[in-house]
Amino acid sequence: MRDRELYARILGIERPWQVTRVELEAKSVEVFIESGARRMGCPECGQECDRYDSRPRRWRHLDTCQYQTILIAEVPRVRCQEHGVRQVQVPWAETGSGFTALFESLVIDWLRGAANISAVARLMG
């Protein structure tokens, strides 16, 4: 239980999201996140909508204790009366990205600091 609480704090996960389990692999940590909310806001208009279904997604996060950290979530889609079926926005990443916002921010900062792409790619694994 403590590992879930630790990663929820590290990642800033708040309701309606929750860390449901953490699995330590040979060279990585997989953090599973879920939302049990039946209704969520449409990403277009913010209107509260019924949950339609969900899609599995994965994001690369910053390393934790030298372990590559991967977030895994079933991201809900909602059915909006105005916009149809839309995937909700997750708080840890931009839409369509395979990286968390914190991971992207660090990479951008390193690249702005005159590091070359190959060096940053090597550092980030």
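For the numbers below, each heavy atom of this structure counts, side chains included, while hydrogens, waters and symmetry mates do not. In this text the structure is predicted, and so the values were computed from the model without any measurement.
Remark: H61 NE2 to L71 CG distance equals 6.0 Å, nearest 0.5 Å. Note that CD of Q18 and CD of E34 are 7.0 Å apart. Values are rounded to the nearest 0.5 Å. For the atom pair T20 OG1 and E74 CD, the distance stands at 10.5 Å (nearest 0.5 Å). Remark: E23 CD to D3 CG distance equals 10.0 Å, nearest 0.5 Å. Atom CH2 of W59 and atom CD1 of I33 lie 7.0 Å apart (nearest 0.5 Å). Rounding to the nearest 0.5 angstrom, the gap separating the CD atom in Q89 from the CD atom in E94 is 6.0 Å.
Hydrophobic clustering of Ile, Leu, Val, Met, Phe, Trp and Tyr side chains at less than 4.5 Å, counting indirect connections, keeps V85 apart from V90. Hydrophobic clustering (side-chain heavy atoms under 4.5 Å, transitive across Ile, Leu, Val, Met, Phe, Trp, Tyr) keeps L24 apart from I72. Cluster annotation: V107 and I117 are assigned to the same hydrophobic cluster (Ile/Leu/Val/Met/Phe/Trp/Tyr, side-chain heavy-atom contacts under 4.5 Å, transitive).
Counting heavy atoms from C-beta on, the side chains of P91 and E14 never come closer than 4.5 Å.
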- Message: Before you tell me yes or no, could you show the steps for R86 and C80 under side chain to side chain contact (heavy atoms under 4.5 Å, CB included), namely the whole-Å CA-CA distance, both residues' side-chain angles and the distance that decides it to 0.1 Å?
- Response: CA-CA 7 Å; R86 295 283 192 266; C80 178; 5.5 Å; no
- Task: Go through E104 and S97 one step at a time and tell me if the side chain to side chain contact (heavy atoms under 4.5 Å, CB included) criterion holds.
- Result: CA-CA 9 Å; E104 287 182 353; S97 178; 2.4 Å; yes
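Summarising the local packing, CD of Q87 is surrounded by more than 12 heavy atoms from other residues, nucleotides or ligands at distances under 6.0 Å. By the neighbour-count criterion of 12 heavy atoms within 6.0 Å, atom CD of E25 is densely surrounded, having more than that number from other residues, nucleotides or ligands.
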Anything under 3.5 Å between a donor and an acceptor, one on a side chain of residues 44-52, the other on a protein residue two or more places apart or in another chain? List them.
unit_1, atom_1, unit_2, atom_2, d
D50, OD1, R39, NH1, 2.7
R51, NH1, S35, O, 2.5
R51, NH1, A37, O, 3.2

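With T69 contributing its side chain and Y67 its backbone, the two residues share a donor-acceptor pair below 3.5 Å.
Annotation: ring pair (Phe, Tyr, Trp, His ring centres under 6.0 Å) contacts involving residues 5-49, sequence neighbours excluded, comprise W17-W92. Sorted by first then second residue, the salt bridge (charged side-chain N to carboxylate O under 4.0 Å, His left out) pairs that include residues 62-73, not counting sequence neighbours, are R60-D63.
Minimum interatomic distance between I70 and R58 (heavy atoms only, all atoms of both residues): CG2-NH2, 3.5 Å.
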